[in-house]
Amino acid sequence: MPKNFIEELQWRGMIHDMMPGTEEALNKQVSSGYIGFDPTADSLHVGSLVQIMILVHFQRAGHKPYALVGGATGMVGDPSGKSQERNLLDGETLDHNVVCVKKQLERFLDFNDGENGAEMVNNYDWFKGMSFLEFIRDVGKHISINYMMSKDSVKSRLETGMSFTEFSYQLVQGYDYYHLNKHKNCIIQLGGSDQWGNIVTGTELIRRKGGGEAYAVTTPLIKKSDGTKFGKTESGNVWLDANQTSAYKFYQFWINTSDDDAEKYIKIFTLKSREEIERLIDEHRESTYKRILQKALAEDITIRVHGEDALARAIEASAALFSKTIDGIKNLSSEDFLDVFEGVQQATVTKSDLSDGLGIIDALSSKTGFLSSNGEARRELKANAISVNKAKVKDDFLITETDLMNGKYVLLGKGKKTNFILIVE
RNA sequence: GGGGAGAUACUCAAGCGGCCAACGAGGACAGACUGUAAAUCUGUUGGUUUUACCUUCGCAGGUUCGAAUCCUGCUCUCCCCA
């Protein structure tokens, strides 16, 4: 008998909406359910983590999770939440993305052969052999245009226009649910709240085609407490792929969570028990300056996404970079240095650049690309934002050999949070 | 097809012959306060060899000593009438 999946999600604040009867159906027996992932990029980002965690909880509750990568739906383009027609990716890119996304999901779910082992499916497999005529006869016939037009994702686009391709998206995704319901016995589809319309089209299709029971649960859209979008930094999306977002940056992203958000996020993004989370929140409220929640959050997620070694390095790098003094960094051996600061932006200059002293403005922009222009370098210097080896400097500062750590490194900083390593060779 | 309105920096949005690298708001970055939080206050927000010069106000030309501002053509967007 499975544990109560819905109850678990409820206290974690992960449920936005669900169909009546969902909880009862899931408690009756071990069930199968799925979530679709969009292969629009070759990596998932922190936004997708919510969906991943839902699937993890589903499996932990004893159910069988299916992760669907949308090789077929990716070719069509979901209009939900989009104000403009999407550009279509070519097949090759899509294939590549599907493979990459698959690999990332494997880090989270247990793909064992047991009763509730996770499985990966690609909807391209059941769409590739289907003809257009077949589709409109067997699927299109069951859903009316009126029904499709009433969807928010469609309504909001009638003004600006949408192609027939995007309009048909909900049918294609709806058919996924039907297919998995019929062949894999999936009785629940999970997803973000923007997917509600698509999911319901699926349950409708199952019903009209005389299929079995089918339910739906959606998660709320995660927003930051200031109302802005979750999962973005000034340099763009926070990806799960270490090549696109280094483990250090990933760790830093979570560490920078605000107090309000941290209480929400720890429930959503970690698997810690209710007791443990309540204890952490209490401790955190008592002495907020220790940032207990942020640290717990960052550690838990970084370890799951990037592994223990990467986490250890991220913590070490953070400790060194955010300490008030340079000592912790100075004492690192030359080998450890680059290892620890792997994810920190860096650039190399030659020793001869330093022979007469390297002007700080050149060191910030033209020689390294740390800042985008000399003007910006001057501005930041004027604002007292630039530091060399943790010490604030003025615009006439010259970097010389005496500033080198381990004979070859200089640490540049802008503001409190942005660091840059200058390597001299 | 006929008529009208518009296109300005990351976004919104002023400016309608020189005082415009372009008001203001939002965003972003930085400083102070702190805890790498939030809120608040302050500064910055095209480039350079920085009291000056260069490039930028949809695109291409033109008028003028001088144009984001006037004229011509083009492209695109929106609205109204058919």
Side-chain angles (χ1 to χ4, degrees), chain A residues 83-85 157-161 222-238 245-266 269 280-299 301-302 311 313-326 328-329 340-341 343-345 358-367 369-388 390-397 411-420:
Chain A
S83 54
Q84 284 189 345
E85 179 88 14
R157 284 282 295 280
L158 286 178
E159 289 273 310
T160 52
I222 308 293
K223 274 200 286 194
K224 292 198 282 185
S225 51
D226 60 9
T228 57
K229 210 170 170 231
F230 164 79
K232 293 258 189 193
T233 64
E234 74 268 26
S235 43
N237 275 330
V238 178
T245 301
S246 68
Y248 166 76
K249 282 212 189 94
F250 187 82
Y251 177 82
Q252 281 293 323
F253 168 76
W254 294 103
I255 279 286
N256 270 300
T257 307
S258 70
D259 289 352
D260 288 347
D261 289 333
E263 292 192 15
K264 257 176 19 196
Y265 294 174
I266 193 129
F269 297 107
L280 283 170
I281 290 180
D282 283 346
E283 277 180 35
H284 179 259
R285 285 183 180 167
E286 237 169 74
S287 39
T288 49
Y289 66 93
K290 286 184 186 160
R291 285 177 297 141
I292 290 166
L293 280 177
Q294 282 89 340
K295 281 178 188 161
L297 186 65
E299 282 174 24
I301 305 171
T302 308
L311 170 66
R313 275 203 299 277
I315 292 178
E316 208 179 330
S318 301
L321 290 174
F322 286 94
S323 106
K324 298 268 180 280
T325 66
I326 193 71
I329 301 172
V340 166
F341 297 125
V344 180
Q345 256 192 299
L358 176 60
I360 186 67
I361 290 170
D362 288 338
L364 288 169
S365 63
S366 57
K367 284 282 181 193
F370 178 24
L371 304 180
S372 59
S373 70
N374 289 358
E376 193 185 345
R378 279 202 189 84
R379 274 200 297 277
E380 298 295 358
L381 281 160
K382 213 169 171 184
N384 198 27
I386 300 298
S387 63
V388 172
K390 290 272 166 203
K392 288 283 164 72
V393 298
K394 294 252 164 2
D395 60 359
D396 55 358
F397 187 83
L411 177 67
L412 302 176
K414 179 187 74 129
K416 271 186 280 201
K417 298 178 194 172
T418 318
N419 292 287
F420 192 92

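Chain letters run A, B, ... following the sequence lines, proteins first and then strands; every chain starts at 1. On a predicted model such as this, the values are computed, not experimentally measured, just so you know.
Contact between the side-chain N/O atoms of A:Lys417 and the OP1/OP2 oxygens of B:A37 is found at a separation under 4.0 Å. At least one side-chain nitrogen or oxygen of A:Ser373 sits closer than 4.0 Å to the OP1 or OP2 atom of B:G47. For the pair A:Arg285 and B:G35, the criterion of a side-chain N or O lying under 4.0 Å from OP1 or OP2 is not met. Regarding contacts with the backbone of B:G31, a side-chain N or O of A:Lys392 is found under 4.0 angstrom from either OP1 or OP2. In this structure, A:Asn374 reaches the B:U49 phosphate: one of its side-chain N or O atoms is under 4.0 Å from OP1 or OP2.
Ring pair A:Tyr265/A:Phe230: centre-to-centre distance below 6.0 Å. Annotation: A:Tyr251 is not in aromatic contact with A:Phe322 [ring centroid separation under 6.0 Å not met].
Taking atom P on both nucleotides, B:U40 is separated from B:U56 by 39 Å, rounded to a whole Å. For the C1' atom pair drawn from B:A13 and B:A22, the interatomic distance equals 13 Å after rounding to whole Å. When the P atom is compared between B:C74 and B:G24, the two are found 38 Å apart, to the nearest whole Å.
Residue A:Asp261 is out of contact with every strand shown, counting any heavy-atom pair closer than 4.0 Å. Within 4.0 Å of A:Arg291, counting heavy atoms only, lies at least one base atom of the nucleic acid. Across all strands shown, A:Gly415 has heavy atoms under 4.0 Å from sugar-phosphate atoms exclusively, and none from any base.
Scanning all heavy atoms of the two residues, the minimum distance from A:Ala262 to A:Leu297 falls at CA-CD2, 4.5 Å.
Across all strands shown, B:U77 pairs with B:A5; the Watson-Crick or G-U wobble distances both stay below 3.5 Å.
Counting atom types as modelled, A:Lys416 pairs a side-chain N or O with a base atom of B:U34 as donor and acceptor under 3.5 Å.
Around NZ of A:Lys390, the count of heavy atoms belonging to other residues, nucleotides or ligands within 6.0 Å exceeds 12.
Distance from the side chain of A:Gln252 is smallest for B:U36 among the nucleotides B:C29, B:U36, B:A37. Out of B:G35, B:U36, B:A37, the shortest distance to the side chain of A:Ile255 is found at B:U36. Of the candidate nucleotides B:G47, B:G35, B:A37, B:A37 has the atom nearest to the side chain of A:Asn256.
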